[in-house]
Every structure is written in structure tokens, then in C-alpha cells.
Amino acid sequence: MFTNFHGFHLVESYHKWKKEHRNSKNPIGLKVLKLFFAIAIPLFLWIAPSELYGLPGLNPVEHRVIAIFAFAALMWLFDAVPAWTTSLVVVVLLLFCTSDSALWFFQTDAAGEKFANLVNNTAILHCFADPTIMLFIGGFIIAIAATKSGLDMKLAKVMLKPFGTKSENVLLGFLLVTAIFSMFISNTATAAMMLTFLAPVLKALPADGKGKIGLALAIPIGANIGGIGTPIGTPPNAIALKFLNDPTGMNLGIGFGQWMMVMVPFTLVLLFIAWIVLRRLFPFKQKQIVLQIESHHTSSPVRDVIVYITFAITVALWLTDAITGVNANVVAMLPVGVLCIAGVITKRDLEQISWSILWMIAGAFALGVAMRQSGLAEQMIAAIPFGQWSPIVVIIGSGLLCYLMANFISHTATAALFVPILAIAGTSMADSLASLGGVATLLIGVAICSSLAMVLPISTPPNALADATGFIQQKHMVKTGLIIGFIGLILGYLVLIISGSYGLLN
């Protein structure tokens with residue numbers, strides 16, 4: 001996270017807490033045990049006879065891809081090491097064990113013949129520079145520039161002003177403004193910034209009032225829900241969109257503006273519902289709240305104007321990609337080029353991009369490439385009777401399982417685990433899924449379920465940051481998270497089914 005960000009100290013505290021939490025949850029003995037199982041089980045799958053999988057004619061390359069996928073799944077589930085490190089190890093394993101540039105003894109069979117289905121090593125490496133990765137880099141650049149120019153502070157003040165001083169209205173303001181920021185800036189950064197604005201207010205509210213709980217919860221709820229609104233709002237969105245738009249796969253061509261046209265109304269409705277829930281659960285004792293948001297930004301008129309104009313043009317092009325014909329990934333390069341050449345973004349700023357998030361996403365893409373190019377995806381489609389499964393059961397079952405897991409492990413890791421498998425199932429079930437919105441319902445449903453998983457402080461970084469204020473007890477977060485999550489899942493799938501039926505997301 002860039003050091004000049006308003007709320008950087010909170011993000012740093014979160015990362016320190018996350019490290020301490022992982023270490024306390026994984027004392028050395030338990031960590032060794034988890035790593036043992038995360039390595040031993042994939043090794044067993046690696047050396048086990050192919051007949052074990054029930055996939056006729058399983059090739060050794062496909063066999064290895066299954067073992068590597070199992071390794072990734074177990075490492076993400078156990079959380080013994082940071083999720084992004086697992087993604088990097090997965091990419092290395094795929095390159096050295098399954099690619100056409102792998103170690104020589106992995107490229108040939110017992111007779112010395114080279115396997116025909118080795119994964120293209122360039123395709124795996126391209127995952128680090130996938131167009132979707134470029135889309136996220138563009139979003140990070142805009143976020144850094146907005147902070148350096150003070151645009152984030154100014155926008156927050158302007159957007160919160162219309163909500164006045166009535167406590168309930170201020171609560172709604174924080175929900176909506178946090179959500180809007182999290183559509184274009186990382187959820188963690190947005191939550192840190194908004195909590196910094198809110199800290200003096202929370203301290204000034206009556207000690208025996210419940211309103212401060214609702215206000216503190218409004219930040220993570222707004223950040224988590226708001227991230228659903230755009231493809232760059234949260235990594236699970238990008239992972240789902242990548243598989244849906246892959247030219248060698250489903251090739252649905254869902255654009256940035258198309259995504260927002262469906263998801264923004266959904267997020268606004270859910271935010272309004274969240275506002276009602278928070279008001280009912282945590283009524284205010286103090287009826288008026290006066291906000292004092294002070295900016296310590298050093299103004300540079302020329303630089304600020306460049307940032308404002310670039311930001312406005314970029315968002316406008318994202319929203320109108322279907323009209324201009326310029327896809328969102330290309331548009332994302334505009335702020336990178338303009339702001340770097342104008343000197344707004346320096347090499348020091350580039351060093352502070354959240355590369356771990358990008359590497360995490362790249363690992364998910366690499367798994368997808370390996371499953372497709374090795375022929376494993378085709379094997380699974382041919383061998384497993386996906387078409388005979390009930391589509392509604394698959395949608396609801398995968399959604400609930402994803403929601404459950406995302407409350408305990410990284411949202412991005414959850415999406416990276418589910419989306420490649422569901423993409424295979426969705427391809428095979430395309431006809432039966434058509435009446436329920438198509439494959440988009442299945443994959444985008446994973447992204448929505450991940451974002452709505454916010455029951456515990458460990459569920460998302462915004463939750464952890466809000467919990468650190470000391471105004472929230474875990475029971476408050478659990479109760480609110482379950483209510484909003486349940487409503488959000490029902491509403492989200494209804495929106496996806498209706499949108500897909502009318503061709504808005506396919």
C-alpha cells in the first residue's frame with residue numbers, strides 16, 4: 001500500500017495483525033503438520049495410478065496438473081503461508097513439471113517420446129501480464145494518483161456533505177461513499193481511509209449508545225458490497241470475468257460498462273437494505289453527527305488538474321466501452337501512460353503497487369491455462385456427467401460452499417479455487433444453465449458469494465480494520481454479516497438469473 005495514503009498506518013497495523021494472527025493460529029508444530037499434509041496428499045495423487053481418478057486415458061501431464069491443483073487448494077485452505085506465495089509456487093510447479101520447457105524427464109514418457117499435451121510455457125508466464133492484470137494495474141495507478149492529488153479526500157467531503165448531520169443519514173452516507181470508493185480503489189485502502197475519517201466521530205458518540213457499532217460496521221459492509229460493482233472492485237470479480245471472456249474459452253465479451261450496468265444497481269439496493277438492518281440493530285442515541293474531514297494535502301494545481309481529467313476520462317471510457325469499442329483492459333493503460341509521463345506517478349509509486357494481489361490472480365489464471373491446455377478440462381467434461389446434474393443444485397451448492405469457505409480463507413483464494421472447476425462444469429452444462437442466466441450466473445455468483453462473506457474479523461481486511469477500532473464485538477459482526485450475506489445471496493442470484501435471461505451478461 002502506498003505510503004502517502006490517508007489511513008496508511010491502519011493498513012500497516014492490519015498487515016502486522018495478519019502476520020501475528022497467522023503465526024498464533026499456526027504455531028510451528030501445527031504449521032509443519034499442515035505443510036506436511038499439503039505436500040504429502042498431492043504427492044500421493046502424483047504417484048497414484050491413473051485409474052484412481054476415474055478419468056479414462058488420463059495422461060501423465062494431466063495427472064500432474066491434478067496434483068498441483070490439489071496442492072494449491074490445500075495450501076490456500078490451511079493458510080499456513082500467505083496465499084500469494086502459494087500462487088507463485090503453483091506457477092513455478094506448472095512451469096517445471098507440466099510445460100514444454102519443463103525438466104527433460106517430465107517432458108517424455110517411458111519410451112522417450114515427448115508428450116503432445118505439454119502446456120505452453122509462454123502461456124503460463126503470460127498470466128503475469130494478462131490483460132486483466134493490466135486492468136488492475138490501471139486501477140492501482142488511479143488510486144495512487146487520487147491520493148497524491150488529494151482527490152480522494154475532496155471527493156469524500158463532497159459526497160458526504162449532502163447527507164447532512166442527522167445520524168441515520170450520516171450512516172447511509174458512509175455506506176454509499178465507502179461503496180463508491182471501493183469500486184475503484186482496493187477494499188482495504190477504502191476501509192482504512194473511511195475509518196480514519198470516522199475515528200473522531202466514534203470517540204465522540206455516547207459510550208452507552210449502539211449507533212457507533214453501526215457506524216463502524218458500515219465501513220466494512222460498504223467496502224465489501226461496493227467491490228462487487230466493478231470488475232476491478234475486488235480480485236474475485238476479475239478471476240470470474242477472465243474465465244468468462246477468455247477468447248479460447250467461453251468468449252462472452254462482458255465489458256466493464258456491461259458489468260456495472262447490472263452490478264451497480266444490485267449493490268445500491270443491497271446497501272440500502274444494509275442501512276435498514278444497521279439502523280434496526282444499532283439505533284443511535286445521539287441524533288446529530290457533525291463530520292470534520294480535514295485534508296493535509298499540499299496542492300499542486302497543474303498536477304491535480306491532470307489527475308482529475310485523467311480520472312474522469314478513464315471512468316467515462318470504462319463505462320462506454322461498448323460504444324467506443326475500446327475494451328476496459330486497454331483503457332486501463334491510459335492513466336498509466338498519462339500520469340507517468342506527466343510525473344504524477346514516479347518509480348517509487350510503482351514500487352508500492354500491491355503486487356501480491358496481482359501474483360495471486362496470476363496463479364489462478366495459470367491453473368486455468370494448465371487445465372485447458374493439458375486437456376484435463378476436456379477430459380473432465382467428457383468423463384463427468386455434468387449435463388445430468390441439476391443446474392439449480394449446482395448453482396446453490398457452489399454458492400453456499402464458496403460463501404462458507406470465503407469467511408475463513410482469502411476471498412481471492414476462494415475464487416481461484418472454485419472458478420476454474422466451475423468453468424469446466426459450466427461449459428458442459430451450458431444448455432441446462434441457459435434458463436438460469438447461463439454460465440455467468442455460476443461464475444459471477446462465486447465472485448458475489450466471496451464478497452458477501454464478512455461474518456468474522458478474519459473474513460476480509462475491511463472487517464479486521466473495523467474490528468480494530470474496539471467498538472465492535474464479534475457477535476455484532478457475525479449477526480450483521482449473516483443477515484446481509486443471506487439477503488445478498490438471494491438477491492444476487494436473482495439479479496444474475498434475470499440479467500442472464502435478458503442477455504445482459506452473455
Side-chain angles (χ1 to χ4, degrees), residues 1 15 18-19 21-23 26 31-32 34-43 45-46 61 64-103 106 118-137 139-140 186 188 234-240 242-243 350-374 376 405-406 409-421 450 461:
M1 186 60 60
H15 287 304
K18 181 71 174 178
K19 184 177 180 180
H21 175 76
R22 179 178 287 111
N23 291 336
N26 296 299
K31 185 173 183 178
V32 170
K34 286 183 175 181
L35 290 174
F36 170 77
F37 280 110
I39 295 171
I41 294 174
L43 277 178
L45 294 174
W46 186 297
V61 177
R64 293 176 210 144
V65 172
I66 292 176
I68 293 171
F69 186 89
F71 170 78
L74 290 169
M75 290 292 286
W76 283 328
L77 286 171
F78 289 155
D79 193 35
V81 298
W84 64 269
T85 61
T86 297
S87 284
L88 281 178
V89 172
V90 165
V91 172
V92 172
L93 287 173
L94 290 172
L95 286 169
F96 278 87
C97 302
T98 69
S99 78
D100 55 9
S101 188
L103 294 167
F106 284 134
L118 291 167
V119 183
N120 186 291
N121 74 90
T122 304
I124 296 175
L125 290 171
H126 276 174
C127 291
F128 285 111
D130 186 271
T132 305
I133 298 291
M134 296 301 107
L135 180 63
F136 261 81
I137 288 177
F140 287 142
S186 85
T188 308
T234 183
N237 294 1
I239 294 172
K242 161 68 177 177
F243 280 82
L350 294 177
E351 291 169 359
Q352 296 182 64
I353 287 177
S354 298
W355 294 105
S356 60
I357 292 176
L358 302 180
W359 290 337
M360 179 71 208
I361 298 172
F365 294 169
L367 280 174
V369 168
M371 293 175 74
R372 186 178 65 252
Q373 289 199 8
S374 68
L376 179 60
M405 286 180 57
I409 69 171
S410 158
H411 289 185
T412 307
T414 303
L417 187 59
F418 275 82
V419 172
I421 297 296
S450 296

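Everything numeric here is computed off the predicted structure, so don't read it as measured data.
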### Query
Can you name the closest pair of heavy atoms from Val419 and Ala240 and give their distance?
CG1-CA, 4.3 Å
### Message
Going by salt bridge (charged side-chain N to carboxylate O under 4.0 Å, His left out), name the pairs with one or both residues in residues 351-365, residues two or more places apart or in two chains.
### Response
Arg348-Glu351
Side-chain donor-acceptor distances from residues 92-102 under 3.5 Å, at least two apart:
residue : atom : partner : partner atom : Å
Thr98   : OG1  : Leu94   : O            : 2.7
Ser99   : OG   : Leu95   : O            : 2.5
Ser99   : OG   : Ser101  : N            : 3.1
Ser99   : OG   : Ala102  : N            : 3.3
Asp100  : OD1  : Asn121  : N            : 3.0
Asp100  : OD1  : Asn121  : ND2          : 2.7

### Message
Just to verify, what does Asp130 make a side-chain hydrogen bond (donor to acceptor under 3.5 Å, both in side chains) with, not counting sequence neighbours?
### Response
Thr132, Lys242
### Query
What pairs with Lys34 under side-chain hydrogen bond (donor to acceptor under 3.5 Å, both in side chains), at least two apart in sequence or on another chain?
Asn26
### Query
Does Leu74 have any side chain to side chain contact (heavy atoms under 4.5 Å, CB included) partners at least two apart in sequence or in another chain, and if so, which?
Ala38, Ile41, Pro42, Phe78
### Message
Does anything in residues 359-373 form a side chain to side chain donor-acceptor pair (under 3.5 Å)? List the pairs, not counting sequence neighbours.
### Response
Asp246-Arg372, Thr248-Arg372
### side chain to side chain contact (heavy atoms under 4.5 Å, CB included) involving Ile137 - partner list, sequence neighbours excluded
Ile133, Met134, Ile141, Val336, Ile353, Trp355, Leu358
#### Entry: Partners passing side chain to side chain contact (heavy atoms under 4.5 Å, CB included) against Ile421 (at least two apart in sequence or in another chain)
Phe69, Met371, Met380
### Query
Listed by chain and number, what are the side chain to side chain contact (heavy atoms under 4.5 Å, CB included) partners of Leu43, not counting sequence neighbours?
Ile39
### Sub-4.5 Å side-chain heavy-atom contact between Met405 and Leu417
yes
### Task
Rounded to the nearest 0.5 Å, what's the gap from CZ on Phe136 to OG on Ser354? Could you check?
10.5 Å
### Query
So, for Gly363 and Val91, which heavy atoms are closest and what is the spacing to 0.1 Å?
CA-CG2, 4.0 Å
Do any side-chain atoms of residues 82-89 form donor-acceptor pairs under 3.5 angstrom with protein atoms, and if so which ones, sequence neighbours left out?
residue : atom : partner : partner atom : Å
Thr85   : OG1  : Pro82   : O            : 2.5
Ser87   : OG   : Met360  : O            : 3.2

### Task
To the nearest 0.5 angstrom, please state how far the CG atom of Leu367 sits from the CZ atom of Phe71.
11.0 Å
## Note on the structure
Taking every heavy atom of Pro420 against every heavy atom of Ala416, the minimum-distance pair comes out as CD-O, 3.1 Å
### Task
Grab the two heavy atoms, one from Leu45 and one from Ala70, that are nearest each other, plus how far apart they are.
CD1-CB, 3.5 Å
#### Entry: Validation row: Trp76, Ser410 side chains within 4.5 angstrom (heavy atoms)
no
### Task
With sequence neighbours left out, write down each residue that passes ring-ring contact (aromatic ring centres under 6.0 Å, His included) with Phe106, or none if nothing qualifies.
Trp46
### Message
Using side-chain heavy atoms (C-beta onward) and a distance below 4.5 Å, is Pro236 in contact with Thr414?
### Response
no
### For the student: nearest non-hydrogen atoms of Pro235 and Ile357, plus distance
CG-CG2, 3.7 Å
### side-chain contact (heavy atoms from CB on, under 4.5 Å) evaluation trace for His126 with Asn120
CA-CA 10 Å; His126 276 174; Asn120 186 291; over 6 Å; no
## Note on the structure
OG1 of Thr412 to CD1 of Ile361, rounded to nearest 0.5 Å, is 6.5 Å
## Note on the structure
Val61 and Ser374 have their tightest heavy-atom pair at CG1-CB, 4.0 Å
